[in-house]
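Report on one structure; see the data block that follows.
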2 protein chains.
Amino acid sequence: MTSTMSPLPQRGPRAMEIEMAATRLFYEQGYGQVGMRAIAEAVGIKTSSLYNHFVSKEEILYTFVKRINTDFIGRHIDVFDDEGDKPTILHRLIVEHIVYFWEHKYEMQAGMREMRNLSPEHLVEITAIRRTYQDGIGAFIAAGNKQGVFRCATPRLAALALLDMINGIDTWFREDGPLTIEELAEQYAELITFGLLGATRNGDKQ
Amino acid sequence: MTSTMSPLPQRGPRAMEIEMAATRLFYEQGYGQVGMRAIAEAVGIKTSSLYNHFVSKEEILYTFVKRINTDFIGRHIDVFDDEGDKPTILHRLIVEHIVYFWEHKYEMQAGMREMRNLSPEHLVEITAIRRTYQDGIGAFIAAGNKQGVFRCATPRLAALALLDMINGIDTWFREDGPLTIEELAEQYAELITFGLLGATRNGDKQ
DNA sequence: GTCTATAGAACGATAGAC
DNA sequence: GTCTATCGTTCTATAGAC
């Protein structure tokens, strides 16, 4: 499985500022509640100046939603071709996924919640990218079943379940809670690989 | 654990119509994108007439968010006192939760997504209700561990994980897919009780 | 690339007649 | 309980000077 993601058009540093400010506001208040005025104010320019960088509010949303859906996934999609120990590989992917998503929680949360405000064409494009990752995990689990390193009756469902699990973390995790995000990621990876997927521990084949 | 939910104030049938229409619109377009005009039109009255039934748009949101967070949870919170076989009880709860949420997917999805548009006071109230259910499941898993019917290293995390799993279903399940919602619910309940929570199958204690 | 100024529509909510 | 009428605000987006 090889990445075929098309790159975003090159944008200037101002566009990046706008994107980041908008992302934060969308996260806090929701796409529909955030006006172009509020975005401009957060950047320190006037509303009309935004249109020198983006043609519309929807394009701002699309730009950062595309970024978050190509950055992590694009850099990890090849992991499914790895010939190594599948439970170990998936364990590491889950930990990295959880930590990355937390470090980019504004973009990730806002992106997932506000995705439906994309134009139909953009929504199709983003959905296809997400689908690739989801299918990759499902196929990976199925392959692990055949190898006997996973014992999971429903690989496709398990892939959806584990993605919902780990994407849900950002809605309730608190940095001042009992666990760091790295500790939580580790415990979730255990819960998923050995629990949900029934991975056999090393030297524990039965 | 006994229900102490306070009832919603009695409202007329018109208010119920308004609530249902608003729920559907919030689900489709998001709270911030739906105007009072659109809600009124969907019911077939004028905007100003809405204010004979609700004092504000936020009150419409609050009313249905409160309803969905008291209806199912209120009717199932006593299940954690049940003295029967814990894996069986949790299995049944999960199936009922999934099926109920799918049958009320508009309210559930809109309610979960738009909850943050509630006033701070209302948000606190709703969060507390949800927390009660979550804590109930966590304590139930921990109790099952002590009985030896679950083998789960992290009961509190597992409760959060399973709730994110089953609440995520409504975002991707399609009625024209390979499974009915009842079949899916059954498979998820298996995945959770025997996978995630390490329940021992009858006569399989080891 | 930023600004001032503004178009034209939609927003939540209210007053008061019936 | 519904209506007409409207208030004051905010919305996305554009035109045109600098």
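In what follows, every chain begins at residue 1, and chains take the letters A, B, ... in the order their sequences are listed.
- Separating the CD1 atom of Ile18(A) from the C1' atom of dG1(C) is a distance of 10 Å, rounded to the nearest angstrom.
- Phe54(A) has its CZ atom 18 Å from the C1' atom of dT14(D), to the nearest Å.
- You won't find any donor-acceptor pair under 3.5 Å spanning the side chain of Ser49(A) and the base of dC3(C), going by distance alone.
- Judged by distance alone with a 3.5 Å cut-off, a donor-acceptor contact links the side chain of Ser48(A) to the base of dT4(C).
- Nucleic acid contact class of Val43(A) (heavy atoms, under 4.0 Å, all strands): none.
- Across the protein-nucleic acid pair, Tyr51(B) atom OH and dA15(C) atom P stand 12 Å apart, rounded to whole Å.
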ask   = Going through the distances and angles, do Asp71(A) and His104(A) end up as a side-chain hydrogen bond (donor to acceptor under 3.5 Å, both in side chains)?
value = CA-CA 11 Å; Asp71(A) 184 29; His104(A) 298 77; 4.8 Å; no
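- For the pair Arg37(A) CZ and dT14(D) C1', the computed distance is 13 Å after rounding to whole Å.
- Between Met36(B) atom CE and dA10(C) atom P the separation is 17 Å, expressed in whole Å.
- No more than 12 heavy atoms of other residues, nucleotides or ligands shown are found within 6.0 angstrom of CZ on Arg131(A).
- Looking at Ser56(A), its side chain has no donor and acceptor atom pair within 3.5 Å of the base of dT12(D).
- The aromatic ring centroids of Tyr133(B) and His97(B) lie less than 6.0 Å from each other.
- As judged by a 4.0 angstrom heavy-atom cut-off over every strand, Lys46(B) is placed among the base-contacting residues.
- Phe26(B) and Tyr106(B) have their aromatic ring centers separated by at least 6.0 angstrom.
- One interatomic measurement links the two molecules: NZ of Lys57(B) to P of dA13(C), which rounds to 8 Å at whole-angstrom precision.
- Asn117(A) places its CG atom 14 Å from the C1' atom of dT12(D), with the value rounded to the nearest Å.
- For the pair Glu58(B) CD and dA13(C) C1', the computed distance is 15 Å after rounding to whole Å.
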